[in-house]
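In this text, all values refer to a predicted model and were calculated from it rather than measured experimentally. Below, chain A is the first sequence line, B the second, and so on; all start at residue 1.
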There are 2 protein chains.
Amino acid sequence: MALRHAVLAALLDGEYSGYQLAKVFDVGVANFWYAAPQQLYGELAKLERDGLITGRQVIQRHRPNKRLFTLTGAGVAELERFASAPAKPLVLRDDLAVKVHAVDHVDPEPVLAQLAERASTAAAKLALYERTLRELRQDTDEETFLRDGERVGPYLTCLAGCRLERTVHDWCVDTARVLRQRARTGSHP
Amino acid sequence: MALRHAVLAALLDGEYSGYQLAKVFDVGVANFWYAAPQQLYGELAKLERDGLITGRQVIQRHRPNKRLFTLTGAGVAELERFASAPAKPLVLRDDLAVKVHAVDHVDPEPVLAQLAERASTAAAKLALYERTLRELRQDTDEETFLRDGERVGPYLTCLAGCRLERTVHDWCVDTARVLRQRARTGSHP
DNA sequence: ATAGGCATGTAAGCAGTTACATGATTTA
DNA sequence: TAAATCATGTAACTGCTTACATGCCTAT
């Protein structure tokens with residue numbers, strides 16, 4: 001199973017509707033797991049069938065009703081079991097890296113454009129994650145929060161997100177610089 | 001399509017058999033794309049059917065025969081088309097990050113063990129990638145190689161691998177330190 | 001008015017994973 | 001003698017992506 005546990009972990013933070021989870025998983029925060037909305041609705045239905053979560057209907061005025069989901073005891077137990085099972089290696093798949101690998105044999109212009117775009121989305125994500133960190137730790141400084149805070153899990157994964165996006169951003173910028181310089185001097189057919 | 005282009009890009013480096021590609025894709029070097037052997041044999045068959053690669057049989061003594069694959073003109077054209085199409089966002093999925101997200105609600109011991117393991121595999125990959133970089137640039141220094149080298153694509157993606165593994169490694173070490181300290185002082189039920 | 005946000009799903013198809021299957025040769 | 005390396009596949013299953021479908025409310 002896969003998405004399953006990411007959803008359970010997300011529900012540790014409180015009640016969520018499918019729509020709300022979709023937004024969280026769209027950015028990929030909180031879980032290092034991307035998922036499309038349709039996938040979430042499907043997974044939530046399965047999780048409820050299996051008794052790992054329960055949904056309660058919330059009637060709303062002026063907007064569609066929604067269902068908020070909470071972890072059950074069985075859900076928490078399943079998370080516990082998952083956490084102590086051996087971790088699968090991280091899955092990374094990147095189109096852009098494949099393109100850079102091939103850059104000596106194809107037109108570098110579109111690749112440069114894509115590197116610039118990736119750099120700017122990484123910068124945007126970084127800013128978002130840094131805002132999230134500030135919200136999580138409130139007035140406390142980071143060191144104190146990590147030592148005494150009650151719930152540091154989401155903070156730690158968000159830190160991972162920051163580092164990752166910074167790495168991605170810097171790599172894109174540096175790689176683009178190399179390719180642009182080569183295009184200028186142009187001594188490679 | 002997905003694996004497809006990663007395989008085509010890998011074949012820019014020369015002829016490969018399914019078995020050889022499997023080793024490359026198992027580590028994930030060269031392409032930022034992991035793939036299991038079975039997947040590769042399947043994909044190679046499809047690519048040959050579609051005329052993007054051609055295989056030639058190599059008869060061997062003392063070991064099984066193999067088939068080496070090369071890009072065709074159509075294959076290179078397909079790569080060119082792929083490189084200029086908009087890049088899909090990078091896909092990242094990580095069990096371990098999900099576990100860290102949940103670490104305040106589950107037993108941290110097994111998570112610590114998994115962080116240590118991840119840190120050491122990241123260090124091993126880093127060492128491997130650094131060796132690869134040295135092989136690629138031979139005697140030249142990095143700056144010169146990136147300016148004047150003929151084929152920098154694989155070098156640039158390998159640099160990305162280095163940065164990524166370093167980021168992963170450091171995050172695991174730092175996260176483990178935070179969690180160990182919390183376990184010692186133990187003021188959080 | 002139109003775009004965007006809220007809110008939930010179904011269906012079909014493709015990609016990726018896990019398990020199974022085989023067999024010779026080299027190294028420890 | 002056992003384990004690792006070379007070498008190639010098939011089959012079943014699960015999970016993920018893409019496309020489709022609906023409809024109200026709010027803000028510009």
- Message: With a 6.0 Å cut-off (strictly less than), is the heavy-atom count around CG of D141(A), excluding the residue itself, greater than 12?
- Response: yes
Under 4.0 Å between a side-chain N or O of [X] and OP1 or OP2 of [N]?
| X | N | answer |
| --- | --- | --- |
| K23(A) | dC6(C) | yes |
| Y19(A) | dT8(C) | no |
| Q60(A) | dC6(C) | no |
| Q38(A) | dT17(D) | no |

Inspect the contact between [Y] and [X] and indicate whether a charged nitrogen and a carboxylate oxygen are less than 4.0 angstrom apart.
| X | Y | value |
| --- | --- | --- |
| R166(B) | E130(B) | yes |
| E15(A) | R56(A) | yes |
| D26(B) | K23(B) | no |

Between [atom2] of [N] and [atom1] of [X], the distance in whole Å:
| X | N | atom1 | atom2 | value |
| --- | --- | --- | --- | --- |
| L21(B) | dC6(D) | CG | C1' | 14 Å |
| E48(B) | dG9(D) | CD | C1' | 14 Å |
| R63(A) | dG5(C) | CZ | C1' | 8 Å |
| N65(B) | dG9(D) | CG | P | 11 Å |
| D26(B) | dA4(D) | CG | P | 15 Å |
| E43(B) | dT10(D) | CD | C1' | 16 Å |
| Q39(A) | dA7(C) | CD | P | 21 Å |
| L40(A) | dT18(D) | CG | P | 15 Å |

- Task: Looking at every strand, decide which applies to R61(A) at a 4.0 Å heavy-atom threshold: base, sugar-phosphate, or nothing.
- Result: nothing
With the side chain of [X] defined as its heavy atoms from C-beta on, choose the nearest nucleotide among [options].
| X | options | value |
| --- | --- | --- |
| R67(B) | dT18(D), dT8(D), dT17(C) | dT8(D) |
| H62(B) | dC16(D), dT8(C), dT26(C) | dT26(C) |
| A2(B) | dT17(C), dC16(D), dA15(C) | dA15(C) |
| K46(A) | dT17(D), dG15(D), dC25(D) | dG15(D) |
| Y41(B) | dT8(D), dA7(C), dC6(D) | dT8(D) |
| K66(B) | dC16(D), dT17(C), dT8(D) | dT8(D) |

- Task: Take R93(B) and P37(B), find for each the nucleotide of DNA chain D with the closest heavy atom, and name the residue whose nucleotide sits nearer the 5' end.
- Result: P37(B)
- Item | Residue mapping more 5' on DNA chain D - nearest nucleotide basis, P64(A) or A35(A) | A35(A)
- Mutual orientation of the aromatic rings belonging to F82(A) and H5(A) [parallel < 30°, tilted 30-60°, perpendicular > 60°]: parallel
- Task: Have a look at Y16(B) and tell me which of L44(B), L21(B), L68(B) forms a side-chain contact (heavy atoms from CB on, under 4.5 Å) with it.
- Result: L21(B)
